[in-house]
Amino acid sequence: MMTGGCQCGRIRYTAEIASSEAYLCHCRMCQRATGGVSIAFVNLKKSAVSWQQEPEYFHSSPIARRPFCSACGTPLGFEYPDSANCDLTVGSFDEPGYFVPAHHFGVESLHEAWIDTNGLPRYRTDDNAPTVERWMTKVGKLPD
């Protein structure tokens, strides 16, 4: 069992996870729905998900809908209403590091330059003085 939810905490769920396999979707619908070049999903049975607070759903096409939090806007997943399965966003899990990508989907819209980023410089949030100062001034600590 794993838990997750939205950024503001209003929507929470528990999910029975069968494996650590996840996937990246690159389709244009997911790009537009998230504002990203891809999104990481975990596919599981709808019956394996228990919502403590039912999310809102955006009907993103005639064949699909996407659960989200209307308070903070967090995208929580994707589903075909007529399917027994659904997808939950990897980033909405409390422990997203458990999952590993097993395949790509929607590769007709894949942006190749965003796939292998190993050579790019890496920066820690807590090493960025202006960001740290903003958090310390407003909250008194850095976020988890």
Side-chain angles (χ1 to χ4, degrees), residues 1-128 130-135 138-139 141-144:
M1 297 300 276
M2 293 184 72
T3 57
C6 67
Q7 185 175 9
C8 74
R10 186 176 74 87
I11 307 290
R12 296 288 302 159
Y13 63 80
T14 303
E16 188 176 334
I17 302 299
S19 82
S20 62
E21 283 191 6
Y23 75 96
L24 289 166
C25 185
H26 304 274
C27 79
R28 286 298 292 144
M29 297 293 281
C30 282
Q31 289 172 355
R32 288 187 175 113
T34 64
V37 295
S38 66
I39 186 157
F41 282 130
V42 174
N43 186 265
L44 65 163
K45 296 284 184 199
K46 289 178 184 176
S47 61
V49 181
S50 174
W51 299 97
Q52 281 75 45
Q53 166 71 37
E54 191 72 20
E56 290 75 27
Y57 287 89
F58 173 65
H59 293 267
S60 57
S61 76
I63 64 169
R65 67 183 193 163
R66 296 168 186 271
F68 73 100
C69 174
S70 64
C72 66
T74 300
L76 297 167
F78 170 89
E79 67 179 46
Y80 298 113
D82 63 348
S83 174
N85 283 13
C86 69
D87 292 325
L88 293 177
T89 54
V90 168
S92 70
F93 279 90
D94 294 335
E95 297 178 38
Y98 171 77
F99 299 102
V100 293
H103 70 274
H104 295 275
F105 184 80
V107 297
E108 67 279 0
S109 304
L110 185 146
H111 297 284
E112 210 53 61
W114 290 92
I115 297 298
D116 183 4
T117 61
N118 280 327
L120 296 179
R122 297 176 182 206
Y123 306 100
R124 292 182 52 89
T125 305
D126 56 3
D127 286 339
N128 183 279
T131 301
V132 170
E133 183 179 339
R134 286 181 178 98
W135 276 105
K138 291 286 186 181
V139 184
K141 68 180 187 95
L142 294 176
D144 295 334

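Below, all heavy atoms of this structure are taken into account, side chains as well, without hydrogens, waters or symmetry copies.
- Within the 3.5 Å criterion, the main-chain N or O of Asn85 finds a donor-acceptor partner in the side chain of Ser83.
- The OG atom of Ser60 sits 4.5 Å away from atom CE of Met29, with the distance rounded to the nearest 0.5 Å.
- Between Arg32 and Cys30, the closest side-chain pair of non-hydrogen atoms is not below 4.5 Å.
- Partners of Trp51 by ring pair (Phe, Tyr, Trp, His ring centres under 6.0 Å), not counting sequence neighbours, listed by chain and number: Tyr13.
- Residue-environment remark: CD (Glu54) exceeds the threshold of 12 foreign heavy atoms within 6.0 Å.
- Under a cut-off of 6.0 angstrom, the local environment of CD in Glu108 is crowded, with over 12 non-hydrogen atoms contributed by other residues, nucleotides or ligands.
- Annotation for Arg124: atom CZ does not count as buried by contact number, only 12 or fewer foreign heavy atoms lying within 6.0 Å.
- Glu21 contributes atom CD, which lies 13.0 Å from atom CG of Leu44 (distance to the nearest 0.5 angstrom).
- In this structure, the side chain of Gln31 does not engage the main chain of Gly36 through any donor-acceptor pair within 3.5 Å.
- Taking every heavy atom of both residues into account, Val90 and Pro96 meet most closely at O-CB, 3.3 Å.
- In Phe105, the CZ atom is not crowded: 12 or fewer heavy atoms of neighbouring residues, nucleotides or ligands sit closer than 6.0 Å.
- Nearest heavy-atom pair, Pro55 versus Ile11, reported as atom, atom and distance to 0.1 Å: CA-CD1, 3.7 Å.
- Contact check for Thr74 versus Phe68: no side-chain heavy atoms found under the 4.5 Å cut-off.
- Atom CG in Asp94 sits 8.0 Å away from atom CE in Met2 (nearest 0.5 Å).
- From Ser61, atom OG reaches atom OH of Tyr80 across 7.5 Å, with rounding to the nearest 0.5 Å.
- Rounded to the nearest 0.5 angstrom, Leu76 CG and Arg12 CZ are separated by 10.5 Å.
- Here the side chain of Thr131 pairs no donor or acceptor atom with the backbone of Thr125 at under 3.5 angstrom.
- Between Gly77 and Thr89, the closest heavy-atom pair is N-CG2, 3.8 Å.
- Lys46 pairs by the salt bridge (Lys or Arg N to Asp or Glu O under 4.0 Å) definition with Glu79, not counting sequence neighbours.
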Next on the checklist: What verdict does the side-chain contact (heavy atoms from CB on, under 4.5 Å) test give for His26 and Ile115, after you've listed the backbone C-alpha separation in whole Å, the side-chain angles of each residue and the deciding distance to 0.1 Å?
Outcome noted: CA-CA 11 Å; His26 304 274; Ile115 297 298; 3.7 Å; yes
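- Between Phe93 and Tyr98, the distance separating the two ring centers is not shorter than 6.0 angstrom.
- Under the rule for a side chain to side chain contact (heavy atoms under 4.5 Å, CB included), the partners of Arg10 that lie at least two apart in sequence or sit in another chain are Cys6, Cys8, Gln53, Glu56, Cys69, Ser70, Ala71.
- The number of heavy-atom neighbours closer than 6.0 Å to CD of Gln52, taken from other residues, nucleotides and ligands shown, is above 12.
- Going from atom CG of Asn43 over to atom CZ of Phe78 covers 10.0 Å, rounded to the nearest 0.5 Å.
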